[in-house]
Amino acid sequence: MKFYCGVVIHETSRYSPIPTNLDSYRETSLYLPSTNEGSRWRDRIVDEVGWKQILGPGGHEVAVGVLASAQPSLPTSAAAYGRLRNEMLDALRKAMPVDAVALFLHGAQVAEGVDDCEGDMLKGVREIVGPDVPVGVVFDLHGNVSDEMVRYADVLLACLEYPHIDFSPRAAQVAQLLERAYRGDVRPVMAHVRVPMLGTYYTTRSPMREFVDWAKSHEGRDGILGVSLIHGFAWSDVEACGAGVIVVADGDEAAAQRLAEEIAEKYFALRDEIREPKPSTAEAVAEALAHQGAPVVIADTTDNPGGGAAGDSTFLLSELLNAGVKNAALGMIWDPVAVQMAMRAGEGATIDLRLGGKCGPASGAPLDVKAKVLKCRTDAAQVAQGVLSPLGDAVMIEIGGVRVVLNSLRNQVFDTACFEEFGIDPRDLEIVVVKSHQHFYQTFGPFASKVIYASPPGTVDQNYAELGLKKVRRPIYPIDKPPFAAFDREWSAE
């Protein structure tokens with residue numbers, strides 16, 4: 001078979017302070033086939049996505065299209081999105097004829113003038129390949145699934161785990177289904193049921209853990225080829241925002257619909273139980289100090305760059321300093337200016353530093369501190385979902401017993417390496433604060449004595465009623481309180 005493969009990933013937040021253009025993609029990864037820009041990244045990205053390992057053993061040919069990924073931020077500029085879309089479709093036209101199309105998209109991408117980038121790109125793909133070439137997409141469970149995505153794809157499979165540790169097996173599952181569809185062994189059909197709720201749900205905790213396992217257990221039985229639980233991404237603020245269920249079945253649309261509705265009803269029934277309480281800044285630090293055991297990991301969920309935040313807020317750092325905490329560390333504050341000042345001062349220097357608070361009210365006030373420069377690095381990196389992710393120029397400073405990692409390439413904390421690269425083992429600390437929502441959990445969770453999901457003021461604010469959402473379809477929980485009139489039928493009629 002000949003597969004066409006492409007990647008365009010951007011989780012869009014209309015509440016982010018960070019603009020998004022083509023350089024935003026260049027910062028993370030960008031390969032443009034028309035000019036061969038980023039060719040040094042091409043093999044690495046194809047390898048990291050897994051297409052080569054998945055398709056190579058079967059003897060399949062892989063035609064590579066655009067490969068683009070940017071950190072979460074504001075909607076992509078019209079010019080940048082137009083370029084990415086054109087690169088995707090032009091490369092596909094040149095690759096024709098192809099036997100299948102396998103894409104890795106986020107699911108929550110918005111551009112200036114386009115609220116549904118995934119649906120828009122899939123429509124363009126379908127117009128080129130026609131109705132008979134199978135098209136499959138692996139995407140993020142924080143996507144917002146639109147009617148167009150379902151209409152123009154044959155297979156949509158989201159990762160099931162949060163943190164997202166299962167992209168590779170889900171990508172393999174998509175590829176296998178496309179191969180079986182091409183051979184005529186299966187005829188994938190899909191049902192999508194929207195679940196009217198907003199939230200972030202941790203698959204590491206009960207009862208979400210058991211619910212995911214139960215939903216997935218239907219795969220491979222009674223003609224069910226795939227099940228996806230969509231969490232959604234509220235901060236994109238599009239009509240399709242919210243949770244949902246996708247079921248892929250072999251030729252039986254009615255069976256897919258019945259199962260999707262059954263899973264959706266159970267999902268909605270769990271809405272209160274799967275919402276994790278999130279204490280305020282002061283409450284989170286007080287709870288950590290009162291806990292018997294170490295280390296306590298506090299997740300700064302609202303200043304998570306993985307949700308579009310700048311990563312430079314000072315609320316939790318200020319609280320740690322005010323509480324006189326001595327054996328603690330915080331990572332990472334995105335502050336390229338402070339990094340350069342610390343690097344110029346050099347390791348061992350003590351300097352006056354204005355830290356953080358640079359990107360607007362959601363970042364809090366900057367802190368004027370006296371800091372000791374402990375370590376400077378130009379080559380520090382962490383592993384982010386299996387991919388080596390550099391921190392850029394980065395330093396570790398110490399302020400009154402609290403060690404702080406400052407980085408110049410904006411990213412959330414995925415890995416203990418963001419501390420270990422500076423000689424600090426987070427296992428030895430009393431409190432560790434990570435600017436991340438849940439992706440830290442894979443490496444920090446196994447040794448954390450306690451994990452606290454804090455909610456300081458910030459960009460990724462989960463007080464949805466006060467966000468000022470304008471386009472999200474209503475009613476929706478928890479902004480609106482159930483019961484919703486005729487929910488089972490009204491909301492599942494896609």
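Values reported hereafter were calculated over all heavy atoms of this structure, with side chains retained and with hydrogens, waters and symmetry mates removed.
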query = Parallel under 30°, tilted from 30 to 60°, perpendicular over 60°: which one fits the rings of Tyr453 and Phe440?
reply = tilted

task = Take the angle between the ring planes of His164 and His142 and call it parallel below 30°, perpendicular above 60°, tilted in between.
result = tilted

inquiry  = Show, in sequence, the C-alpha distance, side-chain angles and deciding distance for Arg93 and Glu127, and conclude whether the salt bridge (Lys or Arg N to Asp or Glu O under 4.0 Å) test is met.
reply    = CA-CA 10 Å; Arg93 290 187 189 96; Glu127 289 172 349; over 6 Å; no

Quick one: do the [X] and [Y] side chains pair a donor with an acceptor below 3.5 Å?
X	Y	value
Thr76	Tyr25	yes
Ser77	Asn21	no
Asp99	Tyr4	no
Ser146	Asp116	yes
Ser73	His10	yes
Gln462	Ser455	no
Gln257	Glu253	no
Thr302	Lys278	no
Thr204	Gln438	yes

Can [X] and [Y] be counted as an ion pair, charged N to O under 4.0 angstrom?
X	Y	value
Lys358	Asp335	yes
Asp213	Lys216	no
Lys123	Asp120	no
Glu37	Arg42	no
Glu276	Arg205	yes
Asp237	Lys471	no
Arg194	Asp147	no
Glu219	Arg170	yes
Arg126	Asp154	yes
Glu87	Arg83	yes

With rounding to the nearest 0.5 angstrom, report the [atom1] to [atom2] distance, [X] to [Y].
X	Y	atom1	atom2	value
Gln176	Leu225	CD	CG	11.5 Å
Leu141	Leu229	CG	CG	8.5 Å
Ile9	Asp140	CD1	CG	8.5 Å
Leu74	Trp235	CG	CH2	15.0 Å
Thr28	Asn411	OG1	CG	7.5 Å
Leu22	Leu84	CG	CG	5.5 Å

Derivation and outcome, side chain to side chain contact (heavy atoms under 4.5 Å, CB included), residues Val297 and Val434 = CA-CA 7 Å; Val297 176; Val434 291; 4.0 Å; yes

For [Y], does its backbone N or O pair with a side-chain atom of [X] as donor and acceptor, under 3.5 Å?
X	Y	value
Thr281	Phe315	no
Arg85	Gly82	no
Asp166	Leu160	yes
Asn144	Ala108	no
Ser389	Val383	no
His60	Lys2	no
Asp312	Ile333	no
Ser16	Gly308	yes
Glu118	Gln109	yes
Gln382	Phe414	yes

Taking all non-hydrogen atoms of both residues, which atom of [X] and which atom of [Y] are closest, and how far apart?
X	Y	answer
Cys359	Pro17	O-CB, 3.6 Å
Ile274	Pro207	CG2-CG, 4.0 Å
Ala171	Trp51	O-CZ3, 3.9 Å
Ala240	Val145	CB-O, 3.6 Å
Ala260	Val193	CB-CG2, 3.6 Å
Asn407	Trp334	OD1-CA, 3.3 Å

Contacts of type ring-ring contact (aromatic ring centres under 6.0 Å, His included), residue His437, not counting sequence neighbours = Tyr202

request  = Determine, stepwise, if the pair Tyr477 / Asp272 fulfils side-chain hydrogen bond (donor to acceptor under 3.5 Å, both in side chains).
outcome  = CA-CA 10 Å; Tyr477 174 86; Asp272 291 320; 2.2 Å; yes

Residue pair Asn304 / Lys435, side-chain heavy-atom distance below 4.5 Å = no

query = Can Tyr441 and His439 be said to form a ring-ring contact (aromatic ring centres under 6.0 Å, His included), step by step?
reply = CA-CA 5 Å; Tyr441 194 91; His439 286 308; over 10 Å; no

